[in-house]
Structure formats: structure tokens, C-alpha cells
Amino acid sequence: IAGDTSLWAGLTSATTLLVANRLLDELEYHVPRVRRILGGRSTLLVHNGQILPRQLSQAGLTEDDILEAVRERGYENLDQIKWAVLERDGSISVIPKQ
């Protein structure tokens with residue numbers, strides 16, 4: 001908007017962003033490769049109670065982040081966890097051992 005603070009400039013900007021978002025959503029839906037590039041993939045962070053340091057580092061997370069997610073779901077330690085997965089939306093799913 002180049003410094004223009006008028007109502008029309010704001011509406012034009014908002015409309016442009018909404019249309020671009022919609023077009024990208026459609027593109028992701030119809031082209032799997034684009035979905036992987038833009039949306040990313042889920043990442044396994046814990047397997048059978050063991051933290052996977054390489055994946056943790058690639059995700060930019062710390063061991064404390066994993067332990068916090070585990071505690072938030074009511075588990076005391078990693079020994080109770082089968083998997084912890086960093087989902088595409090940034091949340092961490094925790095799957096307990098049976």
C-alpha cells in the first residue's frame with residue numbers, strides 16, 4: 001500500500017491476501033508436491049520413549065519442549081510414550097504406549 005492508509009488501500013490489501021491464500025490452498029489440494037513444499041511433513045521426535053536428537057534439532061525444538069508436551073497430556077515421563085510427532089500445524093501429538 002506504500003504508506004496509503006485509506007480504507008480502499010486496506011480493503012485492497014486484505015482482498016489480495018485472501019485471494020492469494022485461497023489460490024495457494026487450491027494449489028496445495030490439487031498438487032501433492034506443492035503441499036509437501038508449502039505445508040511440510042510430520043516429523044517423528046520420540047520413538048519408544050527415546051528422543052530422536054537429529055529430528056529434534058532439524059525441527060528447532062529442545063528436549064524441554066518435548067517434555068512439556070508430554071506433561072501437558074498427563075504423562076510423567078518419556079518411558080510412557082510410544083511416539084511424539086511434530087505435526088504440520090506445529091502441534092506435538094503424543095501417542096502413549098499400550
Side-chain angles (χ1 to χ4, degrees):
I1 60 175
D4 185 356
T5 58
S6 68
L7 176 63
W8 289 113
L11 290 174
T12 301
S13 296
T15 302
T16 301
L17 289 172
L18 290 171
V19 169
N21 185 50
R22 179 68 177 162
L23 289 173
L24 285 174
D25 284 346
E26 287 295 319
L27 190 61
E28 280 186 340
Y29 181 76
H30 293 291
V31 183
R33 182 178 172 138
V34 172
R35 185 179 320 124
R36 285 191 302 272
I37 291 169
L38 295 179
R41 293 183 180 181
S42 298
T43 303
L44 185 65
L45 301 173
V46 174
H47 183 261
N48 287 327
Q50 299 296 312
I51 291 178
L52 304 174
R54 188 167 143 229
Q55 285 87 331
L56 197 67
S57 175
Q58 287 175 347
L61 297 172
T62 65
E63 186 174 327
D64 288 337
D65 295 326
I66 299 299
L67 294 173
E68 180 180 343
V70 167
R71 287 190 305 271
E72 283 178 350
R73 282 143 186 95
Y75 303 103
E76 295 177 16
N77 56 52
L78 291 175
D79 294 335
Q80 298 172 294
I81 305 305
K82 182 174 182 179
W83 297 318
V85 179
L86 177 63
E87 302 294 354
R88 290 177 35 166
D89 66 359
S91 64
I92 298 175
S93 297
V94 177
I95 294 89
K97 291 181 180 176
Q98 294 298 337

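Only a predicted model underlies this, so the values are computations on that prediction, with no experimental measurement involved. All residue numbers refer to positions in the sequence shown, counting from 1.
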Query raised in the report: So does Glu72 have more than 12 non-hydrogen atoms from other groups sitting under 6.0 Å from CD?
Result: yes
**Report entry** From CG (Leu23) to CG (Leu18), nearest 0.5 Å
**Finding:** 11.0 Å
Query raised in the report: Can Leu52 be reached from Val85 by stepping across I, L, V, M, F, W or Y side chains whose heavy atoms are under 4.5 Å apart?
Result: yes
Query raised in the report: Within a strict 4.5 Å, meaning less than it, do heavy atoms of the Arg88 and Arg35 side chains meet?
Result: yes
Requested in this report: Indicate yes or no for a side-chain donor-acceptor contact from Glu28 to the backbone of Asp25 under 3.5 Å, with no hydrogens or angles considered.
Outcome: no
Query raised in the report: How far apart are the closest heavy atoms of Glu76 and Gln80, and which atoms are they?
Result: N-OE1, 2.6 Å
Query raised in the report: With the 4.5 Å side-chain cut-off for hydrophobic clustering, are Leu27 and Leu38 part of the same group?
Result: yes
**Report entry** Interatomic spacing from CG in Asp64 to CZ in Arg71 - rounded to 0.5 Å
**Finding:** 7.5 Å
Query - Linked, directly or transitively: Trp83 and Leu86 (ILVMFWY side chains, under 4.5 Å) - result: no
Query - Side-chain donor or acceptor of Ser57 paired with backbone N/O of Pro53 under 3.5 Å - result: no
Query raised in the report: Just how far is it from atom CG of Asn21 to atom OG1 of Thr16, taken to the nearest 0.5 Å?
Result: 12.5 Å
Report task. Step by step, work out the side chain to side chain contact (heavy atoms under 4.5 Å, CB included) result for Asp65 and Leu56. Result -> CA-CA 10 Å; Asp65 295 326; Leu56 197 67; over 6 Å; no
Query raised in the report: Should Ile51 and Leu61 be counted in the same cluster of Ile, Leu, Val, Met, Phe, Trp and Tyr side chains packed under 4.5 Å apart?
Result: yes
Let me have the donor-acceptor pairs involving side chains of residues 91-98, under 3.5 Å, with sequence neighbours excluded, atom names and distances please.
residue, atom, partner, partner atom, Å
Ser91, OG, Asp89, OD1, 2.7
Ser93, OG, Glu87, OE2, 2.8
Lys97, NZ, Asp79, O, 3.3

Query raised in the report: What pair of heavy atoms forms the shortest contact from Asn77 to Ile81, and how long is it?
Result: O-CG1, 3.9 Å
